[in-house]
K.L.:
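One structure, pasted below without further comment.
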Amino acid sequence: MGIVVTRKALLLSAALGLCLAAQAQAQQAGAPPATPPQRDAPAPVSVPAQQLQDRNVAPPPPSSEATTAGPDEVQFNADQLDYDFENDVVTASGDVRLYRRSDRLRADKIVWNRKTGQVVAEGNIVVVNPEGDAAYGDRIELTDTLKDGAVENMLVVLEAGGRIAAQRGRRDNGIITVENAAYTPCAVVDSEGCPKEPSWKITARRVVYDPNKKRIRYTGARISVFGFASIPLPVFSHPAGGTSDDGFLTPDVRLDRTNGFQIALPYYFSFAPNRDLTVTPRVFTNTLPMLQADYRALESFGAYRVSAYGTYSRRADDLTVPITPATSRNDFRGYLDAVGRFQFSPEWSASTSLRLTTDRTFLRRYDISRDDRLRNNVRVERIDEDSYFSINAWAVQTLRVGERQGLQPYVLPELDYRRRMDDGLLGGRFEFQLNTLAIGRSEGQDSQRAFASARWDLRKLTAWGQEVTFTAYGRADAYNTDNTLLTSVPSYRGNEGFQFRGIAAAAIDVKWPLVGAFLGGTQRITPRVQIVAAPKLENLAVPNEDARAVDLEDSNLFALNRFPGYDRFEDSTRFTWGVDYALWLPGFSIDANVGQSYRLSSRPTIFPDGTGLTDRVSDIVGRTVVRFRDFLSFTHRYRIDKDNFAIRRNEIDATIGSRATYLQLGYLRLNRDIGATLEDLQDREEARVGARVQIARFWSVYGALLVDLTNRDEDPLSQADGFDPVRHRLGVAYEDDCLRLGLTWKRDYETTGDARRGNSYLLSLAFKNLGR
């Protein structure tokens with residue numbers, strides 16, 4: 001005898017509600033990874049990629065009626081409901097939809113045997129959990145208490161990305177096991193929506209997920225790349241739910257002339273969600289192994305990272321002579337790199353950057369860094385709306401050949417306090433500053449500095465639109481200097497002992513922006529005039545530690561002091577003029593400026609010859625920036641000699657192309673003819689080029705080249721022929737939503753100690769969305 005109910009919502013017993021819960025838990029096996037082998041494991045069966053494709057079943061829409069809050073109640077719709085009184089069997093068929101809290105299920109048919117407690121769902125099954133994950137299957141069979149059961153032909157599509165297909169899945173005592181499974185986080189359709197082989201996938205004989213351990217384990221697994229390259233993984237696992245756990249990471253493989261063939265296999269330790277350690281042994285064929293460790297931590301008050309490298313190999317401290325057994329020795333070699341940033345309150349913070357190495361060629365030899373000076377810094381700061389305070393300490397380690405470490409400075413400490421406030425009378429603003437600095441050298445000059453300064457600025461707009469800024473500046477300095485004869489450049493030394501200096505300056509700066517329509521866009525022409533007056537100062541009586549790299553540029557043409565630091569102040573009365581120009585058209589813009597200055601006083605200047613500021617009339621400086629949509633960005637900076645119009649500074653940076661295919665060009669020539677004693681102002685010429693060409697949707701070719709063009713025209717002591725490549729790289733890469741693969745060829749053209757010139761090759765392979 002049967003009872004038929006058409007599309008009528010009913011409440012079933014609590015047992016039927018567990019059907020949905022069991023299926024939703026079975027879907028979790030699709031998240032990621034592995035399990036120990038079992039005796040009854042079937043022979044490996046290849047899971048076709050098509051099983052990872054979307055099923056032709058639409059997930060059930062949210063219920064149009066309010067779902068019940070009871071954990072054991074299920075709301076459902078069905079085209080037909082049959083009840084067999086004799087066998088005590090309930091059958092729902094015809095687009096069956098079940099709703100339990102936020103879980104949803106759709107199937108062609110559900111049969112519940114109330115005597116045996118068995119529930120079977122068949123045909124086009126799809127289950128959606130509250131997180132949005134969808135599980136598909138042809139048949140679900142639940143036994144006994146309905147907490148355990150099996151799924152046939154299962155597919156799970158995770159909302160966070162990724163999918164798993166399995167021939168069969170079971171849930172026993174909460175542990176989920178799927179057999180003959182395939183997992184991938186990659187897209188399984190191309191740009192036109194047609195099925196395709198995923199970039200990579202994991203196939204396994206068996207996958208076990210234990211919710212208590214929150215880890216997925218694979219048995220008899222392999223990773224297939226592009227459907228043909230296969231990497232065996234006999235025992236493989238990774239955490240579920242997007243968390244991190246201990247395990248090996250992707251290996252690093254490279255080959256270079258100095259170290260030979262190298263393979264590195266990182267191992268990741270997850271101490272907590274906010275702390276981890278990665279230990280990387282690096283093995284070489286041409287030298288002893290090296291160990292690398294990287295520790296990271298994210299705390300409530302900040303974050304820090306510590307990286308350390310260590311090995312035992314031959315090193316040389318004097319790189320001015322050839323490396324031989326007599327000039328080198330076997331010793332420990334290593335590098336420490338630590339950075340941190342801590343925010344203790346909205347105002348107070350601290351930061352640190354520590355970089356130390358045992359010798360001058362370690363970083364280059366092992367391709368860690370090409371920096372030739374390592375700067376170490378510890379800083380504490382307090383910043384609010386109107387004041388700034390910092391305590392800063394730093395030290396420098398040189399890696400340059402022939403440069404003495406004893407001449408490198410260290411600062412313990414630098415104190416800087418600044419405060420700004422309105423003048424309360426004219427509408428201007430005051431800025432006060434207190435600064436003290438102590439610089440020491442183990443084999444060179446020591447100096448201490450302290451000053452107090454005040455600056456007042458008043459900005460006004462006239463009725464005709466001119467912007468006028470009045471500035472007044474005053475400063476009192478105190479210096480103490482020792483061992484001045486250890487500084488080789490006389491103009492940097494200052495006088496021995498205590499020295500005092502007073503600084504005063506006043507300026508008027510006038511801008512007149514003229515804006516109007518032009519060629520369908522807007523242009524702005526801004527003439528600018530500045531007058532600065534400052535009395536003669538005893539600049540050479542105090543040391544020069546922070547104002548050595550001076551050069552006239554567009555960025556400092558209208559500066560109150562055109563020296564870059566505090567130790568030198570431009571003591572002249574001068575008149576500066578210039579013009580800014582800007583044009584904005586749809587998708588196109590030009591921004592340019594040009595200017596020059598004239599010094600009214602005839603007394604000798606302290607600027608070195610060649611900086612563009614030595615004579616009363618300065619050189620001409622300017623900058624031009626052109627942009628065309630996102631396709632072109634061009635910047636040109638220049639300085640032109642006022643006497644013969646020779647180009648003393650010529651700097652070009654350009655980017656042409658799209659994000660996928662582009663060309664980057666860089667050129668710099670400094671032709672200032674400054675004496676060889678001022679190392680901070682030496683001439684140079686170099687060219688840089690970099691490019692990336694997308695040859696297919698996910699494939700690209702890239703390269704970069706740095707060339708030293710310096711010759712005797714820029715450096716009379718140079719032995720170069722004017723075209724010396726420094727280094728280059730060339731590579732091919734594939735990258736999509738879940739795989740990154742690349743091969744890079746690099747060549748270094750310079751030999752420094754045991755960091756020899758030659759080729760190196762790097763193979764990179766990264767499986768995205770695999771977790772740790």
Side-chain angles (χ1 to χ4, degrees), residues 252-262 264 282-290 292 309-335 337 355-374 396-405 408 668 676 679 682-690 703-712 714-731 744-762:
D252 179 21
V253 179
R254 64 181 65 193
L255 174 68
D256 66 55
R257 177 179 178 181
T258 303
N259 300 316
F261 180 77
Q262 171 193 162
R282 298 183 180 272
V283 180
F284 313 93
T285 58
N286 292 355
T287 188
L288 293 176
M290 180 173 68
Q292 174 186 349
Y309 300 76
T311 187
Y312 187 83
S313 65
R314 185 164 290 276
R315 56 175 281 191
D317 294 327
D318 186 0
L319 301 179
T320 61
V321 299
I323 295 183
T324 64
T327 60
S328 61
R329 68 183 188 278
N330 285 320
D331 201 352
F332 172 79
R333 305 180 69 182
Y335 171 58
D337 182 2
R355 303 181 67 193
L356 298 169
T357 185
T358 55
D359 57 274
R360 304 195 181 198
T361 60
F362 178 81
L363 298 182
R364 269 199 57 196
R365 165 162 185 169
Y366 292 98
D367 200 19
I368 300 172
S369 171
R370 292 187 169 275
D371 293 339
D372 57 4
R373 283 176 176 164
L374 302 182
V396 176
Q397 180 182 10
T398 182
L399 306 182
R400 296 182 177 184
V401 177
E403 195 169 71
R404 292 164 55 190
Q405 178 61 40
Q408 303 308 307
L668 172 65
E679 63 174 353
Q682 292 304 294
D683 289 343
R684 58 183 299 190
E685 185 176 8
E686 70 176 30
R688 308 178 306 277
V689 60
L705 174 65
L706 175 62
V707 182
D708 185 1
L709 302 177
T710 306
N711 56 23
R712 290 181 179 85
E714 288 83 24
D715 183 1
L717 302 179
S718 175
Q719 301 296 319
D721 59 3
F723 188 88
D724 286 334
V726 178
R727 59 184 177 271
H728 81 247
R729 65 187 179 100
L730 181 66
T744 303
W745 165 42
K746 299 193 296 184
R747 180 173 178 82
D748 197 324
Y749 292 87
E750 296 180 340
T751 295
T752 305
D754 61 345
R756 294 180 295 169
R757 59 186 296 171
N759 299 318
S760 62
Y761 304 90
L762 172 64

K.L.:
Does some side-chain heavy atom of R365 sit less than 4.5 Å from a side-chain heavy atom of R333?
P.N.:
yes
K.L.:
Do the non-hydrogen side-chain atoms of R756 and T751 ever get within less than 4.5 Å of each other?
P.N.:
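A side-chain contact under 4.5 Å exists here.
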K.L.:
Hey, what do you get for CZ (F362) to CG (D754), rounding to the nearest 0.5 Å?
P.N.:
10.0 Å
K.L.:
Determine whether Q405 and R360 make a side-chain contact, defined as any pair of heavy atoms from C-beta on separated by less than 4.5 Å.
P.N.:
yes
K.L.:
Taking only Lys NZ, Arg NE, NH1 and NH2, and the carboxylate oxygens of Asp or Glu, determine whether R684 and D708 approach each other closer than 4.0 Å.
P.N.:
no
K.L.:
Within 45° of the six-membered ring axis of Y749 and under 6.0 Å from that ring's centre, is NZ or CZ of R747 located there?
P.N.:
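Yes, cation above the ring, under 6.0 Å and within 45°.
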K.L.:
Can you list everything that forms a side-chain hydrogen bond (donor to acceptor under 3.5 Å, both in side chains) with R315? Sequence neighbours excluded, please.
P.N.:
D317
K.L.:
For the residue pair R400 and D372, what are the closest heavy atoms and their distance?
P.N.:
NE-OD2, 3.1 Å
K.L.:
How far apart are the closest heavy atoms of L374 and Y335, and which atoms are they?
P.N.:
CD1-CE1, 4.2 Å
K.L.:
For Y761 and W745, take the angle between the two ring planes, folded into 0 to 90°, and tell me which bin it lands in: parallel under 30, tilted 30 to 60, perpendicular over 60.
P.N.:
parallel
K.L.:
Side-chain contact, heavy-atom cut-off 4.5 Å: Q397 with T357?
P.N.:
yes
K.L.:
Are the charged groups of D371 and R355 less than 4.0 angstrom apart, N to O?
P.N.:
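Yes, this pair counts.
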K.L.:
Within the structure provided, determine whether N759 and K746 are in side-chain contact (heavy-atom separation under 4.5 Å).
P.N.:
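No, side chains not in contact.
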K.L.:
Is any side-chain heavy atom of D252 closer than 4.5 Å to one of L762?
P.N.:
yes
K.L.:
Quick one: does R370's side chain get under 4.5 Å of L363's, heavy atoms only?
P.N.:
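No, their side chains stay 4.5 Å or more apart.
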K.L.:
Would you mind reporting whether T311 and Y366 have side-chain heavy atoms less than 4.5 Å apart?
P.N.:
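Side-chain contact under 4.5 Å: yes.
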K.L.:
Cut-off 3.5 Å, side chains only: do T398 and E403 have a donor facing an acceptor?
P.N.:
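Their side chains do contain a donor-acceptor pair, which is all the 3.5 Å distance test asks for.
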K.L.:
Can you find a side-chain donor-acceptor pair between Q262 and R282 that sits under 3.5 Å?
P.N.:
yes
K.L.:
Kindly determine whether R364 and D748 satisfy salt bridge (Lys or Arg N to Asp or Glu O under 4.0 Å), including the steps that lead there.
P.N.:
CA-CA 10 Å; R364 269 199 57 196; D748 197 324; 2.9 Å; yes
